A.B. asks: 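Sharing a structure here in structure tokens format.
Quick caveat: nothing in here was measured; it's all calculated off a predicted structure. A note on names: the letters A, B, ... follow the listed sequences, proteins ahead of strands, and every chain is numbered from 1.
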Protein chains: 2
Amino acid sequence: MSLSLDKNGAAPADASGQEPLLAAALGRFEGLLAARGLRLTAARRAIVEAVLRRAGHFTVEALVADLRSRGLAASKATVYRALPLLTEAGILASAVLTADERTYERAVGREHHDHLVCQGCGKVVEFEYEAIEVLQRELAARYGFTLEGHLHQLFGRCADCRKGDTK
Amino acid sequence: MSLSLDKNGAAPADASGQEPLLAAALGRFEGLLAARGLRLTAARRAIVEAVLRRAGHFTVEALVADLRSRGLAASKATVYRALPLLTEAGILASAVLTADERTYERAVGREHHDHLVCQGCGKVVEFEYEAIEVLQRELAARYGFTLEGHLHQLFGRCADCRKGDTK
DNA sequence: ATAATTGCAAACGCTTTGCAACCCC
DNA sequence: GGGGTTGCAAAGCGTTTGCAATTAT
């Protein structure tokens with residue numbers, strides 16, 4: 001089994017040359033919406049663009065602020081109503097979810113990965129470990145389950161935080 | 001340290017041979033509290049008992065209801081204030097945590113495990129897979145992290161739900 | 001036209017907090 | 001008595017929802 005590790009962070013550069021991504025995202029979105037008799041409106045388009053423009057993890061609040069700062073149409077309520085749709089369309093994904101944090105990230109044009117969070121400084125490392133994915137599938141099968149998804153987050157302390165950081 | 005019984009003499013009502021667990025839990029709790037200049041009060045004792053009496057996963061609401069139905073002292077606020085302490089003492093652990101569910105479970109006297117949740121019927125299977133635990137440690141080490149914990153939940157569909165249930 | 005969509009603000013549900021009374025050491 | 005503890009109710013917060021106006025097809 002190949003142990004492919006994502007490059008730390010690999011923060012996707014934003015805003016540049018993402019037309020193809022945007023096209024792919026809007027295409028998917030429109031497909032999902034059409035399949036349900038829903039419409040691809042200006043507000044929804046703006047939300048998709050805002051998500052793609054974001055690099056890394058972000059909160060709903062930040063996304064709404066982005067839209068607002070660009071004078072784009074999409075109120076908080078509309079954003080919240082769009083989140084599940086974006087997720088189902090594979091455009092958006094939940095990033096970190098804990099008792100006191102909830103962030104999202106772009107999903108279109110990216111590979112699946114999980115998160116390793118430093119409890120000292122909050123740094124988040126994205127990782128992809130096929131061996132674990134395999135074991136998860138094996139495990140689900142063992143219990144007669146069809147695996148549809150998972151939430152896997154590792155919490156620890158990074159080297160920097162172990163050295164000097166307070167707390 | 002000595003384990004004093006509830007001052008009002010109220011013996012744990014049901015209880016099926018859990019005295020040793022209760023003793024262990026109270027002992028740990030008292031230790032943690034003492035180390036911080038905090039006290040093991042009747043309310044906190046009642047909460048510990050309520051947690052041990054619970055089988056399986058439960059919500060805070062359910063725990064509060066338990067206490068209330070037994071006329072035990074411990075308001076909702078007190079329970080919420082005790083949760084982090086119980087967790088640190090290893091008496092309580094978070095069970096399932098998703099965007100719309102948050103349950104806890106007894107940790108004392110139990111082995112570590114993660115959860116497999118059926119998205120059809122809500123059934124939760126607890127699993128312990130050492131191979132995955134090992135890979136997690138390996139992964140954290142690879143990034144220079146000291147692993148302190150993790151949240152690993154698998155979501156799928158159980159055999160029963162695949163057979164008949166409506167989607 | 002017909003039905004979906006949106007913004008706003010009110011409603012919500014869960015968790016936290018301010019505060020005065022209380023209890024323990 | 002000093003300081004931790006508790007209950008109650010109010011405050012917070014992020015998310016959801018009712019509703020009337022608006023817009024897409």
A.B. asks: Do B/Asp66 and B/Arg53 meet the salt-bridge criterion of a basic N to acidic O distance under 4.0 Å?
C.D. replies: no

A.B. asks: Rounded to whole Å, how long is the line connecting atom CG of A/Leu38 with atom P of D/dT25?
C.D. replies: 12 Å

A.B. asks: Between the side chains of A/Arg142 and B/Glu128, is the shortest nitrogen-to-carboxylate-oxygen separation below 4.0 Å, so that they form an ion pair?
C.D. replies: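 A/Arg142 and B/Glu128: not salt-bridged.
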
A.B. asks: Please determine whether a side-chain nitrogen or oxygen atom of A/Thr41 lies at a distance below 4.0 Å from atom OP1 or OP2 of C/dT6.
C.D. replies: yes

A.B. asks: Going 5' to 3' through nucleotides 7-17 of chain C, assign each nucleotide B (protein heavy atom under 4.0 Å from a base atom), S (under 4.0 Å only from sugar-phosphate atoms) or - (no protein heavy atom that close).
C.D. replies: BB-----SBBB

A.B. asks: Given B/Glu126 and B/Glu111, is the side-chain contact (heavy atoms from CB on, under 4.5 Å) satisfied, shown in steps?
C.D. replies: CA-CA 11 Å; B/Glu126 303 186 335; B/Glu111 298 288 316; over 6 Å; no

A.B. asks: How long is the line joining CZ of A/Arg44 and P of D/dT22, in whole Å?
C.D. replies: 19 Å

A.B. asks: Taking the side chain of B/Arg39 as heavy atoms from C-beta outward, which of C/dA3, C/dT6, D/dG2 is closest to it?
C.D. replies: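 The answer is D/dG2.
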
A.B. asks: Show, in sequence, the C-alpha distance, side-chain angles and deciding distance for B/Glu101 and B/His57, and conclude whether the side-chain hydrogen bond (donor to acceptor under 3.5 Å, both in side chains) test is met.
C.D. replies: CA-CA 11 Å; B/Glu101 187 180 356; B/His57 303 159; over 6 Å; no

A.B. asks: Taking all non-hydrogen atoms of both residues into account, name the closest pair between B/Tyr104 and B/Ser94 and its distance.
C.D. replies: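 Shortest heavy-atom separation between B/Tyr104 and B/Ser94 comes out as CD2-CA, 4.1 Å.
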
A.B. asks: Rounded to the Å, how far apart are A/Leu83 CG and D/dT15 P?
C.D. replies: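 Those two atoms, CG and P, are 8 Å apart.
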
A.B. asks: Using a strict threshold of under 4.0 Å (side-chain N to carboxylate O), is an ion pair present between A/Arg70 and A/Glu49?
C.D. replies: no

A.B. asks: Measure CD1/B/Ile47 against P/D/dG7 and give the value in whole Å, please.
C.D. replies: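 Checked: the CD1 to P distance equals 8 Å.
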
A.B. asks: Return the value, rounded to whole Å, for the distance between atom CG of B/Asp100 and atom P of D/dT17.
C.D. replies: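 Checked: the CG to P distance equals 12 Å.
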
A.B. asks: Find the distance A/Phe58:CZ to D/dG14:C1' and express it as a whole number of Å.
C.D. replies: 16 Å

